[in-house]
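Worksheet for the structure shown next.
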Amino acid sequence: QVQLVESGGGLVQPGGSLRLSCAASGSIFSLDTMGWFRQAPGKQRELVASITSGFSTNYLGSVKGRFTISRNNAKNTVYLQMNSLKPEDTAVYYCHIFRVRGGIDIGSWGQGSQVTVSS
């Protein structure tokens, strides 16, 4: 089972930037699609960005042009660079490795990183 350890959350003013990191250990990383999800209080968890083994990316509409997902396979790490942050970006952010078996995603989750955007 892959273990995912996140770092980089915190408090930032509107318009500021943060970078989240997620280090994976325990299994092959370079072949997997990785993603960042977020969950705000009272809301469902949503996919913010994903990156495939071929480095193709996909973004939630509300973060396009502000967030960038990237990966370094040599370090088994995926990143989420967040710029021009808005109060509505406040949430707990989770990294996830997609592992689908028999139509069910059994991939691991990071522990969650709180991102708070407030003046």
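Position 1 is the first residue of the sequence; numbering continues from there.
I97 and V5 fall into different hydrophobic clusters, where Ile, Leu, Val, Met, Phe, Trp and Tyr side chains are chained together by heavy-atom contacts under 4.5 Å. When the side chains of ILVMFWY residues are joined at heavy-atom separations under 4.5 Å, either directly or via intervening members, M34 and V63 end up in a single hydrophobic cluster. Follow the hydrophobic side-chain contacts under 4.5 Å out from F37 and you never reach V78; the two are in separate clusters. When hydrophobic clusters are built by joining Ile, Leu, Val, Met, Phe, Trp and Tyr residues whose side-chain heavy atoms come closer than 4.5 Å, directly or via intermediates, W36 is grouped together with L85. Under the 4.5 Å side-chain contact rule for hydrophobic residues, V92 and L4 do not share a cluster.
Rounding to the nearest 0.5 Å gives a distance of 8.0 Å between CD1 of I51 and OG of S56. Separation of atoms CD1 (I69) and CZ (F55) is listed at 11.0 Å; rounding is to 0.5 Å. The CG atom of L31 sits 6.5 Å away from atom OG of S53, with the distance rounded to the nearest 0.5 Å. Put simply, NZ on K86 and OG on S62 are 7.5 Å apart, with the number rounded to the nearest 0.5 Å. A distance of 11.5 Å separates CD of Q3 from SG of C22, quoted to the nearest 0.5 Å.
Annotation: cation-pi geometry not satisfied between R71 and Y79 (NZ/CZ under 6.0 angstrom from ring centroid, within 45° of ring axis).
Between S118 and P14, the shortest heavy-atom distance links the atoms C-CD, 3.6 Å. For the residue pair R66 and S84, the shortest heavy atom distance occurs at NH1-O, 2.9 Å. When all heavy atoms are compared, the tightest approach of Y59 to A49 is CD2-CB, 3.6 Å.
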Residue pair S50, N58: steps toward the side-chain hydrogen bond (donor to acceptor under 3.5 Å, both in side chains) verdict: CA-CA 5 Å; S50 63; N58 193 39; 4.7 Å; no

Q81 and S17: CA distance, side-chain angles, deciding distance, side chain to side chain contact (heavy atoms under 4.5 Å, CB included) verdict: CA-CA 7 Å; Q81 178 67 43; S17 299; 4.0 Å; yes

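Counting heavy-atom neighbours within 6.0 Å of Q44 CD, excluding the residue itself, gives a total of 12 or less.
Paired with F67 under the rule side chain to side chain contact (heavy atoms under 4.5 Å, CB included), one option of L20, L60, T57, L80 passes, and it is L80. V12 pairs in a side chain to side chain contact (heavy atoms under 4.5 Å, CB included) with only one of the listed residues (T116, D89, L18), which is L18. Checking R38, Q39, Q114 one by one against Y93, the side chain to side chain donor-acceptor pair (under 3.5 Å) holds for a single residue, R38.
A donor-acceptor pair shorter than 3.5 Å cannot be found between the side chains of T77 and N72.
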In residues 104-111, what donor-acceptor pairs under 3.5 Å come from side-chain atoms, sequence neighbours left out?
{"from": "D105", "atom 1": "OD1", "to": "R99", "atom 2": "N", "distance (Å)": "3.1"}
{"from": "D105", "atom 1": "OD1", "to": "G107", "atom 2": "N", "distance (Å)": "3.0"}
{"from": "D105", "atom 1": "OD2", "to": "H96", "atom 2": "NE2", "distance (Å)": "2.6"}
{"from": "S108", "atom 1": "OG", "to": "Q1", "atom 2": "NE2", "distance (Å)": "3.2"}
{"from": "S108", "atom 1": "OG", "to": "V2", "atom 2": "O", "distance (Å)": "2.6"}
{"from": "Q111", "atom 1": "OE1", "to": "E6", "atom 2": "N", "distance (Å)": "2.9"}
{"from": "Q111", "atom 1": "NE2", "to": "E6", "atom 2": "O", "distance (Å)": "2.9"}

